[in-house]
Structures are given as structure tokens and as C-alpha cells.
Amino acid sequence: MFEFLQDQTIDPRRRLAFAPCIAPFAMSFGELNRQVFRDEPTTDELQKIINVHTYEDDHHWPWLLSDMDKLRFNPRLSFNESLEFLWNEQTINARAAAYYLYNATYQASPARKFTIIEATESTGNILLANSAAPARELTKKTQYDYEYFGAGHLEVDTGHTFCSTESRQVIEAVELSEEERQAAYVAVDETFAVFTNLMNELLAFAQQANIQPALESEYLDYLKVTTQNNLYTDRLAAPATAAPTADLKPFGCYLLEANLVTHAQLEEALQEQQEVNKPIGKLLADKGWIHPHTVEYMMQNVVLPQRNHQQASIINVG
């Protein structure tokens, strides 16, 4: 898995195509931190450290959802289709990893919890150190920051409370009986075995995924051929006296990247737009090819923030 992530001869988006497969574990991990690892109130000093750690680690799943949007791994599925994916054979080891952590740490001693959490974090850090490579490559192409798979997640994880001097002093002062020590060795081996199975599953999923080539440059080239004006965008032509603006990506490009519309649908809407001069999003929604709420969400949460950032960069440079 880790060699696959580092292989620059493979498209970076394909190297991260395991993202949907890891979702059952990533979503469960937040709940494990809140409901199983955490134990409040407590007088045990090691459990107090674990509790602080759980607050640092229970909210990373939105980063995964954000990255899957940016990677265009967020298809429209029915509720039944979503359930079938989450509980199919392709994600069995992702679910098994969550089940193992629950079974191994529920109402366990703080020392046992700490042992298993540390083994889990070590595996996670290796994965993130390697996923940061394709994430960097994609950032150069798309200008997006990848919160879950990028270097930022690794920086957060390696800066956890467990790593502080005060915490290490408490941890090193914990005394284990010989029986507890041997049990800890077994727990570490079991944890690594579980996550080895998960890494193998992620690799198989990525290699088998049907990843389409990047569409942005293809679509922009198509727009240049189709029309020489800017009626295909969601804005009207800027007045000649307007301030310089960034070369803004057309709204239809965002929809195409997100697999919300097809090439054929977009082409038909573009042709119609030249006659009626309406925003492309409204034309697509009027035809029933995309929900109006989806158009509004994309504009408010994806397009406008990126354009504002581009415009700010132009102003700062100017």
C-alpha cells in the first residue's frame, strides 16, 4: 500500500482512490473516541491524558468527507445503495478494524487503551505520511488543500497530547505487571495484524477502482472551441472598466468535476444558454438534471470561496 502511494508513475487521484473504502473506519473512529476511549469523570492520570487525546481525535471525519468531494469520490447514491456499499465485502476489513477496537478497549484499563491507541496511531501516521505525496501532487494541479490525506492531518496527529513532555512523564511512570506487559505485546501484534488487513483492502480497492481521467482541462478546451464569449459561465461579461479579475473556472466545470452532470447534459445546456442567457446552473436544474439546492450549495460552499481566494490573490499581487 505504501509503495503504491509513493509511485509517481500512477495518477495521484488513483493512488487516493481508496478513500471511500476507509470511510467506515474513519467515521467509526470519531465515535470510538467519544464513546469508548473516553471515560469521564476519572481520577486516573493516564485516563485523563487519553480523554484529552480523544477530544483531539474525534472530529477528523469531516476532513475525509471534504477530501472525497474534492477528489470527486462523492457520487449520488440512493440510501439503499449507500448501505450496500458500506456493508459489502470490499469494506469488510474497514469495519473489522472498528469492531476490533471496540472489542479490545471497551471498559478496558487505561494502560490497555493507551497501548492499542498508540499502535493504531502509529499505523495511521505511516498511512498519512505516504498519502501526503499524492495529495501534494494534486494540490499543485487543483489548488485544493486536502485536509484528511494531506500533510496537515499528519502534523495534527504528531502534535497530540501523547507527545507532550508532561504526558510522557505520566506514561513512563505507569507500572505494569509481567502479565500486563505480555498482554500489551499481544495487543500490539493483534492491532498491527488488523490494520495490515485494512491496508491490503485499501490497496485492492484503489487498484480496482474505475477512476476517470481528470476533466477540467478537457472541459476548458471544449469551452474555448464551443464559444468565444462568456455566456457559458454563471456571470455576465465584466464591464471594460472593471478591475482585473482572476481567470475564473466556469461553474459548469465544477459540476462536471463533481460528477453532478454529464458531458452531454452540459453541452445541451450550453447550447441553450446562448439563446436564453440564463445561468448554467438554473438551466441544468430546470431540466431536472441537478437539484436547485445542489446548485446553491456548490456555489456558496465551493465556487464562491475559491473565487474570493483567487480575487484576493490578484488584488494582493496588484
Side-chain angles (χ1 to χ4, degrees), residues 1-2 5 16-40 47 50-68 71 73-74 77 79-131 147-149 153-154 156-157 160-162 183-184 186-206 208-209:
M1 178 64 182
F2 305 133
L5 286 170
L16 294 177
F18 66 88
C21 184
I22 203 175
F25 173 77
M27 302 300 286
S28 298
F29 195 62
E31 190 168 40
L32 282 164
N33 275 279
R34 292 188 296 272
Q35 304 297 334
V36 182
F37 301 160
R38 188 178 302 164
D39 184 9
E40 296 176 318
Q47 183 62 54
I50 293 173
N51 289 344
V52 174
H53 174 82
T54 65
Y55 284 104
E56 297 169 341
D57 231 21
D58 68 358
H59 58 280
H60 294 178
W61 60 268
W63 302 348
L64 175 65
L65 301 186
S66 175
D67 279 8
M68 286 202 292
L71 290 163
F73 298 155
N74 186 20
L77 301 177
F79 186 68
N80 284 359
E81 288 170 333
S82 298
L83 293 177
E84 288 173 358
F85 171 77
L86 291 173
W87 274 274
N88 71 16
E89 289 299 313
Q90 288 182 297
T91 59
I92 191 169
N93 288 320
R95 302 194 306 277
Y99 301 155
Y100 163 77
L101 290 180
Y102 181 91
N103 183 62
T105 61
Y106 180 67
Q107 295 186 339
S109 68
R112 179 171 175 80
K113 285 183 182 178
F114 174 79
T115 299
I116 294 172
I117 292 171
E118 275 288 79
T120 301
E121 291 288 334
S122 297
T123 306
N125 289 346
I126 295 172
L127 175 63
L128 293 174
N130 284 276
S131 69
E147 300 168 284
Y148 193 88
F149 296 113
H153 191 172
L154 180 62
V156 170
D157 276 9
H160 278 320
T161 296
F162 283 176
V186 172
V188 169
D189 288 342
E190 290 177 345
T191 304
F192 285 152
V194 166
F195 283 100
T196 296
N197 290 338
L198 174 56
M199 293 303 112
N200 291 336
E201 180 174 86
L202 298 181
L203 175 59
F205 190 94
Q208 297 169 12

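Side chains included, hydrogens not; waters and symmetry mates left out as well; all remaining heavy atoms used.
Side-chain atoms of Thr91 do not come within 3.5 Å of backbone N or O of Ala94 as any donor-acceptor pair. Under a 3.5 Å cut-off, the side chain of Arg95 and the backbone N or O of Pro24 do not form any donor-acceptor pair. For Lys113 (side chain) and Thr105 (main-chain N/O), no donor-acceptor pair under 3.5 Å exists by modelled atom type. Judged by distance alone, the side chain of Gln90 and the main-chain N or O of Phe205 form no donor-acceptor pair under 3.5 Å. Formation of a donor-acceptor pair under 3.5 Å by the Ser122 side chain with backbone atoms of Glu118 is found in this model.
Using modelled atom types and a 3.5 Å distance limit, the side chains of Gln47 and Asn51 yield a donor-acceptor pair. Side-chain atoms of Thr191 and Tyr100 include a donor-acceptor pair closer than 3.5 Å.
Looking at every heavy atom in both residues, Val194 comes nearest to Ala97 through CG1-CA, 3.5 Å.
For the pair Leu86/Met27, no side-chain contact is recorded, criterion being any heavy-atom separation below 4.5 Å from C-beta on. Between Leu101 and Phe25, the closest side-chain pair of non-hydrogen atoms falls below 4.5 Å.
Ring geometry for Trp63 versus His60: interplanar angle under 30°, hence parallel rather than tilted (30 to 60°).
Taking CD of Glu121 as the start and NE2 of His53 as the end, the distance is 4.0 Å to the nearest 0.5 Å. The CG atom of Leu65 lies 5.0 Å from the CE atom of Met68; values are rounded to the nearest 0.5 Å.
More than 12 non-hydrogen atoms from other residues, nucleotides or ligands lie less than 6.0 angstrom from OH of Tyr99. Atom CD of Glu31 has 12 or fewer heavy atoms from other residues, nucleotides or ligands within 6.0 Å.
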> Are Ile22 and Leu127 close enough, and set up right, to give a side-chain contact (heavy atoms from CB on, under 4.5 Å), and what steps lead you there?
Replying inline: CA-CA 11 Å; Ile22 203 175; Leu127 175 63; 3.9 Å; yes

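Screening Asp67, Leu154, Asn130 for a side-chain contact (heavy atoms from CB on, under 4.5 Å) with Phe149, the sole residue that qualifies is Asp67.
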